[in-house]
Each structure stands twice: as structure tokens, then as C-alpha cells.
Engineer: 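Following this message is one structure expressed as C-alpha cells.
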Amino acid sequence: MIGSLSFIFANPAILAALIALPVIWWLLRMTPPRPAAEIFPPLRILASVMKREETPSKSPWWLTLLRMLMAAAVIFAIADPVFNPRSNTLATSGPLALLIDNSWATAPDWERRVETASALIDDAESRDVAISVVFTGERQHDATPGSASAARNRLAAARPEPLPADRASAIAALQTAFEDAPPATLAFITDGIASGDGKTMERLAAMGASNLKVIEADGSEAVALTATSNESGGMAVTASRLKTDDGRSPPIVAFDTRGLKTDDGRSLPIVAFDTRGRAIASGTIDFAPGAATARGTIEAPFELRNDFARIGIEGAATAGAQHLLDDGFRRRRVALLSGEARDLSQPLLSPLYYINRALAPYADLIEPRQNDLAVAIPELLEQRPSVLIMADIGRLPEETYPLLAKWIENGGTLIRFAGPRLAAAPADDPLVPVTLRQGERALGGALSWSEPQPLADYPGNSPFAGMARPTDILVKRQVLAEPTADLAERTWANLADGTPLVTTAVRGTGRIVLFHVSAEATWSNLPISGHFVEMLRRSVQLSRGGGIASDGKAVKAQTLPPYRLLNADGVLIAETGNVRPLEIVPGKPPVATADNPPGLYGSEDGFTALNLLPRDAELKRIDMTAAGPHTSERLTGVESWSLKPALMTIALLLLLADALIVLFMGGVFSRARIARAASAIIVVLAGAFVLAPPHAFADDARPDDQRILERLDTTHLAYVVTGEEDVDRLSESGLRGLTDFLTYRTTLEPGAPVGLDITKDELSLYPIIYWPISATAPMPSPQAVSRVDAYMRAGGTVLFDTRDQFSSLGSSSNGTSQNTERLQAILGNLDIPPLEPVPADHVLTKAFYLLTNFPGRYTGSPLWIEAQLDNGEETSNRPARPGDGVTPIMITGNDLAGAWAVDSNGVALLPTVPPDEMQREYAFRSGVNIMMYMLTGNYKADQVHVPALLERLGQ
């Protein structure tokens, strides 16, 4: 049984050699007869004055004892003592049946499981019994008993599957194979996790095997992530593990940072990965002692959490330790707009109050700062919300309709709530999903009810399908939809009399949703119910995906092909094999099966995540109470271990000790000999010191190390030395002028500008390098261009300035200047990303000054930077972008250094074209923004700065 401790010798006959130890003692202690000695008288005087060297007649007893111990250690080592050895306990009255779990939880110790099964197969082969092998992770089972070689082949071909164990079908195959006669030995190599209906051991006991073995590990590796929730403070993650306080296995012993024992409490580090597999955030999940579930949080900003694609337990290589995320897990930015000004003294009457309370835990809410809809709507759309909710807005300013229509066409979701204003709006409103009747239906009105109406069951094509129909929600007023042929297809919720309560329509890649009641409790009690929260949450989650076809027709089910699958080691792979498409049924969460293993289903444009375990599942141990008489064992290599290596090591150490003692007793370590050896070592070291070359010391600094240290002391602006004296002098003067401007206008105080030889100087010391392009300068070598390319890949930025905008002023020609042709030749050897002019909302436009263009000595040339690709868009051969989102390349033709160049008195060296000192001022401001962008990255891209920036712009 588990917990018992056995001990045997693999070669017990060798222990008979211990009888020889007394003989060895006698031989070591035996002294040969002394020879007869006759003293020669003339030598008596010499014998009395000479120092006598005495040799003991026999070895000391303690040295003899040491040698005896060494001999005993060798004898015991050859006898090979083994603790908890394996024993062949297979019954020979029938075949051996092997039931092996190859679920996700077996991935970490699969080799040990294979070793355990191989040992059982060897035992069966030695006793000439047939072997039946079935795996609980396979779709089809062949439990017919066969030879040992066939069993080994099946075992070698098996591998862990990213699924829970399906033991019912495997046991059914065994029952069919042994219907006539039960197996003699039934060995169940299990992962220890309960699955199915929990009757595994009952079925195994019913097979009537003479010997039932249950072989398992301690279960400490079985940990799974079961749920995630994108909350306001961060991403909440729930994990489950096998409980360790059930007495079946020793508890997990953990230690805190001070080395104190924490019983079976456990802290799991969790990591969030983006779509490219890069770790972008982390957190921990702390299990309380004895707890089976725990919850942790990954704290990260809203924008960063929307980049989460997968959450995993660090260091755990199983499918259960990974939790896949799709578009449905992303936290949306929701803009709120009301037709009424909020009354702070009566918030419960505000149209947005209940919407705000319902969505605050699930979305990032933004509201306008002005009541003027002509200003508020563009302001909200500039912040790129996923959803815009309008509560009781009937008529919109004319100029806002095209903006909203384009936003919806591009994928936005507009959710509207009815109210008096919408009821009085024109019937041809393009921003409602169905045609509305004029007026409203109310108790006692023209379109009256005799009594308030409850809700009906939700249609199967609705995102609300699966929610229980509430019986306590009553509607006493609503706006009515005109009957049309497709009204039923556009309806997500109905009242008991069949009138629509929630309708929808698709516009391009976006949609419009209309709640036919108000957002506050005057028309119905829906907004003050918990049902309202779930309806809004599901509607918002559909803003970037869902089960609605692109033609606007609702579908009852959607079939998605496998896109990326999760293997048992928790790695996403492209191989899909014979996996079937995943059928998505509204209101019915999909479950991982052998036909649909966990992974991503869909395509690169959109996919659904299917995880290993259902939401909030809990790992539980197999119930052994119904197993009847059985033996429990550990996997091979867990507790069986041999003392032979330790004994041989002890014998070797004793041998070395004996040798040193003998050398010491023989005078090898006498003072004279030690002095002679020390003198020889000193002579050798002195000779090596004299003959060594004068510059062979490890602490000698290279000649340019001091210069590198000086450059690291402060920030320096750098430029590429082209070899043309006029161009290089102008570059130095320009960067010196920008340095003075930065020192005067900002807290940044750069050092003197540095001219760089890109063939040999260290480039990584500078955040940005200004490169003036000259067609008459020598073409840089491929090695120099390669160094620049490496600098850009490592996070640096190169500002190329062709200085040729003047050549195109006043000309209608589209010809390319010589400087531009030289730049094209240089860029032809660089791995640059796609480029675009600086967008109006880019960080460069607001890094320090608010700018709309980036002039230099000339104006008109755009400043080109790395294109901002849409989320999920991939480009081949694209260099790695820095973590702060800074573009690795900038290109302009406005001659920035020419506008910055000043003499020692601060007087501009060159005039601007056209002459305008404000243009020079904006050129300096452009330089400041570029430097701040280099040093702070996408800091100002954070949406928290948008209100302050808009206020400074007067918007």
C-alpha cells in the first residue's frame, strides 16, 4: 500500500563476502617475524648520535577500521540495496488488461507512465500472458488481448491528448473483450481526476479481475485555468487543482520567500500573451491551504488587456494550464450619449444611470463633455469606441449622420433606447433597425394595452437565447415596429403578445440594436432588473463578433472550421488532422470533445476560443470507495531507489582518505618538501610574469571606452557624417540649435551633438540618428547599412532627410530628385516596415507641442513613419517593433537641420523658404516633438490624455 516502505538486496548472495571481513582484519593487522639483529660495535656510537626513523610494526587500529569500512561499503554496493523495489505481482490465470489515461493531465509525467506500463508489459511477457491495452484519450478502442510486442507498439504510438479522460468508452471496450472470461490482472494507470459520471471504479470492479491495480502520481501537477473575466480592475483568472487534504497522498509542501513552510498553500504565476506569443502582463493565483479553487488578477490597462490572446500558468506545460481568449473576452470601449442633460440631483431619472451601472464592470465607459451633439458625437467617435449607446435621442444634427453611418459601416455597434424623443422622431430615421410607427404604445393611449406585458421566451437566433425568461419584468410603454417580412429575423426579444422588444439590423460590418423601451424605469422595470445587465453585456460583446451572418439574417447555428488547436503540452499548432468543424448554437456553450479538441475555430479574420474545461469547472479526485479490494501504487521512479551509487561514492571517498593518510605517514607532506614545492611554484609564477606581454591584463580598457562612458552620461543628438564638409557642418549646427532649443524650452538638457561614422562607431548610445541624404556623398558600404539595420531592429530610429522639397516648390513635375534616388538605393538594402504620413491623431502630433505638420527649412513634404497596422494584420519579413511602439524610421524632405542651424551667437544660418520665422519656430517644435516621442514612446497615445489635449485645441 501507499506509504509502506520495503527494502531488499538485488544481489543478496554477495553479502556472503562479509564473512571475509575478520580475515581481512587479521591480514591487515598481521606482522611478519622480526629478523635477528647483531650490533656492530664500531657503529654503536653513530647509532647513539643519529636520529632514528621508526616504522611502526603494524598499522594503527583506526586505519584498519577505515579500510574495513571501505571493504564493507563495496560489498554492500555490489549487493545493490533497493528501497521500495518493484515486484512482479501479476496473476497468471489470465491476460493482463491495461487501462491507461492519456489525458491533458498526463503530459508532464508521460514518460514515467510509459515506463510504468512497459514494466508491466515486461512482467506479463516473462509470465507468458496476453496483454490488452486501451487508452482513454482515443476515439476508437481495440481491447483484444495480444502479444507483448504489439502492446509495446501501441504504447510507443500513444501520446497525451488535450482532452479529459473518456473512460466510459474505454471500459466498455474492455468489457466486450473480456465478456467470456475476466482478466487476471487489471492495471489502471490514471491521472487521478474524476470524469464522466464518476462510476469508473465501480465499472472496473464489476469486471471481476483477480488483481486490480490503481497506479497514479501524487496529482500536484494537475492544475487548470477554468475561467476568465475582464473586469474593471484587471483580468480575473480562476484556477482549480486536485485537493491535497483527502489523506490519499502527501500534501504539497511549499515555502514562502523567508523559507517558512506554508503547508499545501501554493502560489501560481500566470502570464498573459498576445497574438504573437509575447508575454505582456503577469499576475499570481494564490491557493489557500486545502483549497481546490483560487482566483487571481492580472492588473493591466484597458488597452493592454484587449491585446490578451492567451493566459497560461508559467512553467506548466499542459492544455489545462492555458486559457484561450477570443474577441468575446475583450473589454469594449463604450460611448454613452443621452438626449437629456444629466440631473445630478436626481440620478435615478437620468437615462444613462442604469446603463452606466450595468456596464461599468464589463466595459470602459466614456461620455461627452458637451451637450451639443454636433460636437459631442465627433468627439466620441475620435476616441474609437466599439459601441455607442444613445438613450432617447430622436433627431441628430444633419452633419452627424454621415459620420455615424460610416462608423457603423466600419464595424461599430449602435445601441439605441426609446423614449419620448425617439417616439416623436421621423419614421425614415436611417439609424434605427426597423421602421417605427409614429407615436408610442402605452396603457390608456391610442395604441393601448389592457395590462402591462411580460416578456416571451427568447428566439433561438437571439444572443439572449439560453437566458431564463424573467417573469417579474413588465412593459407598460414602448415604440412599435411596422410589420415587415423580415421583422422576425431582426427580433432578439419579444413581449408576450408578440410585439418586438429588441430589434437589430446589420450595416456593413457593424450593426444597429434598438431597445423599444426607455433606459430608465418610466416605461418598464427592465432597467432596474438584473436581467438588464446580462442583456446589455451580451449586446456589447457582439460588437466585434457573434453568431449573425453577414447578410443580416440570423442563423440558428454557425459552423466554424478548426483554425489553431491546442496540444496536450499547451502549445497552439496549425495541424488540424481529422478534427470536425465546431457548431456554435446560441445559448449552448460548446464543449471540448475528441471531434472538437480545445483550440481556436474560425479563420484569421475572426475565431471562437474553445477551452479544455467548461467555465468554473472543478478538478476532483476519482472516488475509490466503489473500487473494492485493490492495490494502490505509484508510477515507476517515484519511490523506488537504490543505495548502490551512494555506497560506491562512500567507498571512493574512504579510498581517497586512506591514500592521503598513507602519504602523510610516509612524510610526503614534510616541511622540507612543502618548502621546495612552494619555491618551485613561486619561480614559475615569477617567470610567467616576466615573460608575459605588457598588454595582456583583463582589466585593460579599450581606447574608446572612456568616450562611450561620456556619451552614456547624458543624452546626445547624433548625425551621420556623410564625408561632405558643408553637409556635415550644417548637420552639426542644426543639431546644436535644436539642443539649445530643447534646453531652453524643456527639462531635457542634451549634450553636444555627435557626428557618427556608421562603419565603426557604436550606434546604440543614441535614441535617434539624423541622416542628411546627399547624392554626391559616397554610398555607404553594405556593412555600414547592415549596422544601421541592426540599430533599427534593436529599437533605434533613423531620421532620413532628403532636403529636396525645395526642388518641387512651384513645379508640377513628378520627377524624383537625385537625393531621393540615393535614399531609395540606401533603403533598398534595409528591411523597413510599410510607411505612411504621420496620421492626424499620432503621438508625434501631441508629444509636447500640438502640431498638424512638421516643417523644416522647407514645408510641404510629409513626415513618413511606420504604418500603424490594424489589429491582427500580419506582414511578412517585418522587423520587430520596439516595445514602446516608436517607429524605427522617419523620412522627410523639409531640411530640418537647415531650419535648426544657428551660429555661436544663436543666429539662424539659413533662411526658411518662404521666409517666415514662425515656420522656423514650428520646425524647432517639430524637433522637440520628435525627441519627446523618441524618449517617451507611446506615452501620449494613452486615451487618458485625450480630454486635456482636446481642451487645449479648443474642441
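Predicted model, so just to flag it, every value in this text is computed and none were measured.
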Engineer: Would you mind reporting whether Ile622 and Met201 have side-chain heavy atoms less than 4.5 Å apart?
Structural biologist: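 Counting from C-beta outward, Met201 and Ile622 do come under 4.5 Å.
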Engineer: Is atom CG of Asp616 surrounded by more than 12 heavy atoms (other residues, nucleotides or ligands) closer than 6.0 Å?
Structural biologist: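 Buried by this count: over 12 neighbours within 6.0 Å.
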Engineer: Considering non-hydrogen atoms only, spot the tightest contact between Gly602 and Leu560 and give its length.
Structural biologist: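 Closest approach of Gly602 to Leu560, heavy atoms only: N-CB, 3.9 Å.
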Engineer: Run the side chain to side chain donor-acceptor pair (under 3.5 Å) test against Thr318 and tell me which residues pass, sequence neighbours left out.
Structural biologist: none
Engineer: Ser147: what forms a side chain to side chain donor-acceptor pair (under 3.5 Å) with it, not counting sequence neighbours?
Structural biologist: Ser149
Engineer: Side-chain atoms of residues 170-186: list all donor-acceptor pairs with protein atoms under 3.5 Å, sequence neighbours left out, distances to 0.1 Å.
Structural biologist:
{"from": "Thr176", "atom 1": "OG1", "to": "Ala172", "atom 2": "O", "distance (Å)": "3.0"}
{"from": "Thr185", "atom 1": "OG1", "to": "Ala91", "atom 2": "N", "distance (Å)": "2.9"}

Engineer: Dump the intermediate steps for side chain to side chain contact (heavy atoms under 4.5 Å, CB included) on Ile121 and Leu155, then the final yes or no.
Structural biologist: CA-CA 10 Å; Ile121 294 173; Leu155 183 62; 4.2 Å; yes
Engineer: Please report the closest heavy-atom contact between Trp104 and Pro108, naming both atoms and the distance.
Structural biologist: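 So the minimum-distance heavy-atom pair works out to O-CD, 4.3 Å.
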Engineer: For Arg537 and Glu534, what are the C-alpha separation, side-chain angles and deciding distance, and is it a salt bridge (charged side-chain N to carboxylate O under 4.0 Å, His left out)?
Structural biologist: CA-CA 5 Å; Arg537 189 186 68 83; Glu534 185 64 16; 2.7 Å; yes
Engineer: Checking Asn611 side chain against Leu613 main chain: does a donor-acceptor pair fall under 3.5 Å?
Structural biologist: no
Engineer: So Phe308 and Ile298, do their side chains get closer than 4.5 Å, heavy atoms only?
Structural biologist: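 Yes, side chains in contact.
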Engineer: Could you tell me which residues satisfy side chain to side chain donor-acceptor pair (under 3.5 Å) with Gln322, sequence neighbours excluded, listed by chain and number?
Structural biologist: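 Expected list: Arg310.
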Engineer: What's the shortest heavy-atom distance between Ala165 and Asp101, and which atoms?
Structural biologist: CB-OD1, 3.6 Å
Engineer: Step by step, would you call Leu572 with Leu565 a side chain to side chain contact (heavy atoms under 4.5 Å, CB included)?
Structural biologist: CA-CA 5 Å; Leu572 280 174; Leu565 298 181; over 6 Å; no
Engineer: Thr297 side chain to Glu299 main-chain N or O, any donor-acceptor pair under 3.5 Å?
Structural biologist: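 No, because the side chain of Thr297 does not come within donor-acceptor range (under 3.5 Å) of the backbone of Glu299.
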Engineer: If the condition is salt bridge (Lys or Arg N to Asp or Glu O under 4.0 Å), which residues does Asp274 pass it with, not counting sequence neighbours?
Structural biologist: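 Checked Asp274 against salt bridge (Lys or Arg N to Asp or Glu O under 4.0 Å); matches are Arg278.
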Engineer: Hey, what do you get for OH (Tyr601) to CG (Leu324), rounding to the nearest 0.5 Å?
Structural biologist: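 If I round to the nearest 0.5 Å, the distance is 10.5 Å.
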Engineer: When rounded to the nearest 0.5 angstrom, what distance separates NE2 in His323 from CD1 in Ile270?
Structural biologist: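 These two atoms lie 11.5 Å from each other.
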Engineer: Would you please name every residue forming a side chain to side chain donor-acceptor pair (under 3.5 Å) with Arg159, sequence neighbours left out?
Structural biologist: none
Engineer: Taking ring pair (Phe, Tyr, Trp, His ring centres under 6.0 Å) as the definition, give me every residue that meets it alongside Phe135, ordered by chain and number, with sequence neighbours left out.
Structural biologist: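 Once residues adjacent in sequence are excluded, Phe135 has no partner under the ring pair (Phe, Tyr, Trp, His ring centres under 6.0 Å) criterion.
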Engineer: Less than 4.5 Å apart, any side-chain heavy atom of Thr116 and any of Ile189?
Structural biologist: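 Touching, per the 4.5 Å side-chain cut-off.
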Engineer: Can you find a heavy atom in the side chain of Leu212 that is under 4.5 Å from one in the side chain of Thr631?
Structural biologist: no
Engineer: Which residue pairs pass the salt bridge (charged side-chain N to carboxylate O under 4.0 Å, His left out) test with at least one member in residues 183-210, sequence neighbours excluded?
Structural biologist: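 Qualifying pairs, neighbours excluded: Arg167-Asp191, Asp197-Arg203.
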Engineer: Between Asp166 and Ser169, do the side chains contain a donor N or O and an acceptor N or O under 3.5 Å apart?
Structural biologist: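 Ser169 vs Asp166: donor-acceptor pair found between side chains.
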Engineer: Considering residues at least two apart in sequence or located in another chain, which fulfil the salt bridge (Lys or Arg N to Asp or Glu O under 4.0 Å) criterion with Asp109?
Structural biologist: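 With sequence neighbours excluded, Asp109 shows a salt bridge (Lys or Arg N to Asp or Glu O under 4.0 Å) to Arg113, given in chain and number order.
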Engineer: Is the shortest heavy-atom distance from the side chain of Leu96 to the side chain of Leu120 under 4.5 Å?
Structural biologist: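 Of all side-chain heavy-atom pairs linking Leu120 with Leu96, at least one is under 4.5 Å.
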Engineer: List the atom of Pro598, the atom of Leu163, and the distance in Å for their closest heavy-atom pair.
Structural biologist: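 The pair with the smallest heavy-atom distance is CD-CD2, 3.8 Å.
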Engineer: How about CE on Met648, more than 12 heavy atoms from neighbouring residues, nucleotides or ligands closer than 6.0 Å, or not?
Structural biologist: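 12 or below, so no.
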Engineer: Quick check against the 3.5 Å criterion: does Ser240 have a side-chain atom that pairs as donor or acceptor with the backbone of Leu619?
Structural biologist: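 Confirmed, Ser240 side chain pairs with Leu619 backbone.
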Engineer: My understanding is that only residues two or more places apart in sequence, or in another chain, count here; which of them pass ring pair (Phe, Tyr, Trp, His ring centres under 6.0 Å) with Tyr563?
Structural biologist: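 Partners of Tyr563 under the ring pair (Phe, Tyr, Trp, His ring centres under 6.0 Å) test: Phe607.
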Engineer: Quick one: salt bridge (Lys or Arg N to Asp or Glu O under 4.0 Å) partners of Asp595, sequence neighbours excluded?
Structural biologist: Arg139, Arg580
Engineer: To the nearest 0.5 Å, how far apart are NZ in Lys213 and CG in Leu99?
Structural biologist: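 With rounding to 0.5 Å, NZ (Lys213) is 15.0 Å from CG (Leu99).
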Engineer: Specify the closest pair of heavy atoms between Ala568 and Glu161, including all atoms of both residues, with the distance to one decimal.
Structural biologist: CB-C, 3.9 Å
Engineer: Donor-acceptor check, side chain of Asn102 to backbone of Pro160, threshold 3.5 angstrom: yes or no?
Structural biologist: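 Flag not set: sc Asn102 to bb Pro160 has no pair under 3.5 Å.
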Engineer: Partners of Arg152 by salt bridge (Lys or Arg N to Asp or Glu O under 4.0 Å), sequence neighbours excluded?
Structural biologist: Asp122, Glu125
Engineer: Do you know which two heavy atoms are closest between Ala319 and Leu566, and how far apart they sit?
Structural biologist: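 Smallest heavy-atom distance, with atoms named: O-CD2, 3.7 Å.
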Engineer: When you look at Phe188 and Leu204, which way does the side chain to side chain contact (heavy atoms under 4.5 Å, CB included) test go after all the steps?
Structural biologist: CA-CA 9 Å; Phe188 180 25; Leu204 292 179; 3.6 Å; yes
Engineer: Could you grab the distance from atom OG of Ser603 to atom CZ of Arg564, nearest 0.5 Å is fine?
Structural biologist: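 Ser603 OG to Arg564 CZ: 10.5 Å, rounded to 0.5 Å.
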Engineer: Is the backbone of Thr144 close enough, under 3.5 Å, to the side chain of Asp142 for a donor and an acceptor to pair up by distance?
Structural biologist: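 A pair under 3.5 Å: yes.
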Engineer: Got Leu600 and Thr608 here, is their nearest side-chain heavy-atom distance under 4.5 Å?
Structural biologist: no
Engineer: Any side-chain to backbone donor/acceptor pair from Arg241 onto Ala294? Under 3.5 Å, distance only.
Structural biologist: no
Engineer: CG/Leu612 to CG/Leu225 distance, rounded to the nearest 0.5 angstrom?
Structural biologist: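 Result: 10.0 Å between the selected atoms.
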Engineer: Working to the nearest 0.5 angstrom, can you tell me the gap between Leu98 CG and Ser118 OG?
Structural biologist: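 Nearest 0.5 Å value for the CG-OG distance: 9.5 Å.
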Engineer: Can a salt bridge be assigned to the pair Glu216 and Arg634 using a cut-off of 4.0 Å between side-chain N and carboxylate O?
Structural biologist: no
Engineer: Any side-chain heavy atom of Pro145 within less than 4.5 Å of one from Ile131?
Structural biologist: no
Engineer: Charged N to carboxylate O under 4.0 angstrom, Arg154 versus Glu138?
Structural biologist: yes
Engineer: Show your working on side chain to side chain contact (heavy atoms under 4.5 Å, CB included) between Glu633 and Val214 and close with a plain yes or no.
Structural biologist: CA-CA 6 Å; Glu633 299 178 5; Val214 178; over 6 Å; no
Engineer: Quick check: do Pro562 and Glu575 have side-chain heavy atoms less than 4.5 Å from each other?
Structural biologist: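 No - every pair of side-chain heavy atoms lies 4.5 Å or more apart.
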Engineer: Using modelled atom types and a 3.5 Å cut-off, is there a donor and acceptor pairing between side-chain atoms of Thr106 and backbone atoms of Ser103?
Structural biologist: yes
